[in-house]
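Some notes on the structure that comes next.
Hydrogens, waters and symmetry mates play no part in the numbers below; they use all other heavy atoms, side chains included. Each chain gets a letter, A, B and so on, in the order its sequence line appears, and its residues count up from 1. Since we're looking at a predicted model, the values are computed, not measured.
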2 protein chains.
Amino acid sequence: MVKQTFLNLSVEKQNKILTAAKEEFARASLKDASVANIIKKAGIPRGSFYQYFNDLEGIFYYLLEEHSKDVKKRLVDNLVKYKGDVTKSFIDLYQYILKKISKEENEAYFKNIFLNMDYKIEKMFLPNLEDNLNEIIQLIDITKLNIESRLQLIYVLEIIESVMMRNLIQVFQRSVSKEKNIEIFIKEMLLINSGIYKKGDN
Amino acid sequence: MVKQTFLNLSVEKQNKILTAAKEEFARASLKDASVANIIKKAGIPRGSFYQYFNDLEGIFYYLLEEHSKDVKKRLVDNLVKYKGDVTKSFIDLYQYILKKISKEENEAYFKNIFLNMDYKIEKMFLPNLEDNLNEIIQLIDITKLNIESRLQLIYVLEIIESVMMRNLIQVFQRSVSKEKNIEIFIKEMLLINSGIYKKGDN
DNA sequence: CACCTCAATGACAAAGTGTCATAAATATTA
DNA sequence: TAATATTTATGACACTTTGTCATTGAGGTG
């Protein structure tokens with residue numbers, strides 16, 4: 001958890017600490033990173049760190065939250081732009097995230113995050129369906145979807161998010177080009193759209 | 001990594017250590033568990049532990065491997081039993097895993113695993129598609145599937161595994177009964193089967 | 001018995017964690 | 001302005017854990 005003390009700090013000092021933290025998380029996963037390294041890089045005493053955050057996780061999730069907000073905003077924008085088309089919105093979102101995590105200055109940082117992505121981090125990273133459900137659901141055009149209830153729409157969103165996340169992780173896991181990776185994601189989305197079973201056989 | 005020295009030990013001694021480790025991993029996640037606790041519980045000196053395993057992860061993944069083998073066997077059995085029907089095979093597999101992880105004596109252990117499931121653990125836990133692909137693919141009846149290539153079949157399997165895994169995690173994350181959880185998984189499988197888009201609209 | 005191989009042992013250095021009492025800085029009030 | 005209250009800064013400290021390593025012990029073999 002971030003503490004009020006940190007938020008009271010000048011923006012410059014905040015940034016100095018956040019930058020140091022990001023460097024540390026670019027060097028090592030949450031599991032292997034250390035408070036010791038962050039304070040060394042930021043040039044602050046140990047005690048200060050613990051005035052600002054509860055622990056290492058605190059600053060890790062604080063950093064991650066920025067991206068989370070950004071991703072959610074893009075999804076909402078997309079749903080408006082594509083008039084509620086879920087598939088188009090998520091394919092665009094996928095490309096947006098991919099571009100972001102591939103940026104030179106972010107790559108090592110996101111590599112550590114994605115290769116150690118657990119479901120707590122995933123929940124933080126993606127627009128949290130449980131919290132923002134209503135806002136997102138309202139924007140979706142359900143007339144094209146093969147669903148009969150709000151609950152089924154949630155299932156659809158969860159399936160898409162699962163598939164999206166796994167594909168993003170594979171960016172760092174497999175030696176596949178960005179272009180190929182997008183192609184695979186789109187193909188999987190199309191499979192989900194049309195169904196994996198032959199029509200009529202079900 | 002497990003070392004040969006451990007495998008040379010008597011089965012009783014091996015079990016004493018594995019039991020202690022399982023207790024520790026029932027108490028805490030991989031991140032929070034400690035070698036110190038395992039050796040205390042097992043009553044072995046510190047040096048011995050490091051003769052048997054490289055580190056904590058070593059024994060963690062060694063334990064997990066047992067389940068991995070078991071799950072893979074069940075999937076193969078299912079594919080035979082259900083004559084290559086992917087959906088039926090995975091729904092049965094899902095129920096099998098759910099039953100196993102809900103067992104009294106396993107619950108705390110699996111809770112820690114699933115709530116801290118990252119993609120490295122996931123890869124270990126599930127029948128590894130990359131390693132066992134051929135064996136599994138051969139058993140699948142593709143005539144019912146809406147696919148045109150071997151590659152698409154892999155996509156289908158990956159989608160199913162993603163969805164399965166997320167639902168398993170939610171057993172421990174959400175306060176939903178086992179029955180309801182199975183129901184949701186089945187509904188999601190049916191959605192994937194028939195497609196999330198209305199037929200003809202695509 | 002002498003030798004060899006492999007297992008057992010626990011002291012140790014290194015590294016990190018989170019806390020706490022105290023000092024310093026800043027804000028508030030009289 | 002001076003006194004007081006609040007907030008922030010600091011680093012020493014106790015504690016926990018890790019992985020190593022030199023030494024000891026046990027069992028088998030020629």
Side-chain angles (χ1 to χ4, degrees), chain A residues 1-64 112 116 118 120-121, chain B residues 1-64 109 112-113 116 118 120-121:
Chain A
M1 228 18 164
V2 63
K3 297 183 180 176
Q4 188 56 44
T5 313
F6 179 75
L7 301 173
N8 292 343
L9 257 38
S10 72
V11 178
E12 298 81 50
K13 190 160 187 184
Q14 283 187 22
N15 281 337
K16 195 178 65 174
I17 295 164
L18 293 178
T19 303
K22 202 169 168 184
E23 273 175 41
E24 174 63 358
F25 292 125
R27 185 195 67 78
S29 69
L30 174 57
K31 192 176 178 336
D32 295 330
S34 79
V35 172
N37 280 332
I38 294 176
I39 61 171
K40 211 183 298 166
K41 275 174 196 159
I44 58 168
R46 185 162 192 79
S48 293
F49 180 88
Y50 287 95
Q51 302 276 34
Y52 305 149
F53 297 94
N54 279 338
D55 51 24
L56 192 67
E57 283 200 7
I59 196 166
F60 178 80
Y61 287 111
Y62 184 76
L63 273 174
L64 209 54
N112 273 324
N116 297 281
D118 64 22
K120 196 171 164 193
I121 300 178
Chain B
M1 230 19 164
V2 62
K3 296 183 180 175
Q4 188 56 45
T5 314
F6 179 75
L7 301 173
N8 292 343
L9 256 40
S10 72
V11 178
E12 298 80 51
K13 189 158 190 185
Q14 284 187 19
N15 281 337
K16 194 177 65 173
I17 295 164
L18 293 178
T19 303
K22 203 168 169 185
E23 274 174 40
E24 174 63 357
F25 290 124
R27 184 195 68 78
S29 68
L30 173 58
K31 192 178 178 338
D32 295 329
S34 78
V35 173
N37 281 332
I38 294 176
I39 61 172
K40 211 182 298 167
K41 275 175 193 156
I44 58 168
R46 183 160 195 79
S48 292
F49 180 89
Y50 287 93
Q51 302 277 33
Y52 305 150
F53 297 93
N54 279 338
D55 51 24
L56 192 66
E57 283 200 7
I59 196 167
F60 178 81
Y61 288 110
Y62 184 76
L63 273 174
L64 209 54
Y109 171 69
N112 273 324
I113 290 179
N116 297 281
D118 63 21
K120 196 172 163 192
I121 299 178

Item to check | Closest-nucleotide ordering on DNA chain C, the 5'-leading residue of B/Gln51 and A/Lys40 | outcome: B/Gln51
Checklist entry - Which part of the nucleic acid, if any, lies within reach of A/Ser48 when heavy atoms closer than 4.0 Å are counted: base, sugar-phosphate only, or nothing? => result base
Next on the checklist: Without decimals, in angstroms, what is the distance between B/Phe49 CZ and C/dT9 P?
Outcome noted: 15 Å
Checklist entry - Between B/Lys16 (NZ) and C/dA7 (C1'), how many Å, whole number? => result 13 Å
Item to check | B/Glu57 CD to D/dG19 P, straight-line distance once rounded to whole Å | outcome: 10 Å
Next on the checklist: I'd like to know if the side chain of A/Gln14 reaches the main chain of A/Leu7, judged simply by a donor and an acceptor atom lying under 3.5 Å from each other, with no hydrogens or angles considered.
Outcome noted: yes
Next on the checklist: On the nucleotide D/dT8, are OP1 or OP2 found under 4.0 Å from the side-chain N or O atoms that A/Lys13 carries?
Outcome noted: no
Checklist entry - Are A/Asn8 and D/dT8 close enough that a side-chain N or O sits under 4.0 Å from OP1 or OP2? => result yes
Next on the checklist: It should be established whether A/Tyr50 places a side-chain nitrogen or oxygen under 4.0 Å from OP1 or OP2 of nucleotide C/dG18.
Outcome noted: yes
Checklist entry - Taking atom NZ of B/Lys22 and atom CD1 of B/Ile38, what is their separation to the nearest 0.5 Å? => result 13.5 Å
Checklist entry - Hey, is the main chain of B/Ser34 close enough, under 3.5 Å, to the side chain of B/Glu24 for a donor-acceptor pair? => result yes
Item to check | Nearest-Å distance for atom pair CD1/P, residues A/Ile39 and C/dG18 | outcome: 12 Å
Item to check | Spacing of B/Leu56 atom CG relative to D/dT16 atom P, expressed in whole Å | outcome: 18 Å
Checklist outcome for this item: Among D/dA9, C/dT9, C/dA8, the one nearest any side-chain atom of B/Pro45 is C/dT9
Checklist entry - For B/Gly47 and B/Phe6, take the nucleotide of DNA chain C holding the closest heavy atom to each; which residue's nucleotide lies nearer the 5' end? => result B/Phe6
Checklist entry - With no hydrogens and no angle check, is any side-chain donor or acceptor of B/Lys3 less than 3.5 Å from a backbone partner on B/Tyr50? => result yes
Next on the checklist: I want to check one thing: is the phosphate of C/dT17, taken as OP1 and OP2, less than 4.0 Å away from some side-chain N or O of A/Arg46?
Outcome noted: yes
Checklist entry - Starting at CG of B/Leu9 and ending at P of C/dT9, how long is that distance when rounded to a whole Å? => result 11 Å
Next on the checklist: Could you tell me how far apart A/Asp32 (CG) and C/dT17 (P) are, to the nearest whole angstrom?
Outcome noted: 11 Å
Checklist entry - Base, sugar-phosphate alone, or nothing: which one does A/Tyr52 contact when heavy atoms must sit under 4.0 Å apart? => result sugar-phosphate
Checklist entry - Within this structure, what is the CZ-to-P distance between B/Phe53 and C/dA8, rounded to whole angstrom? => result 13 Å
Next on the checklist: Using side-chain heavy atoms (C-beta onward) and a distance below 4.5 Å, is A/Leu56 in contact with A/Phe25?
Outcome noted: yes
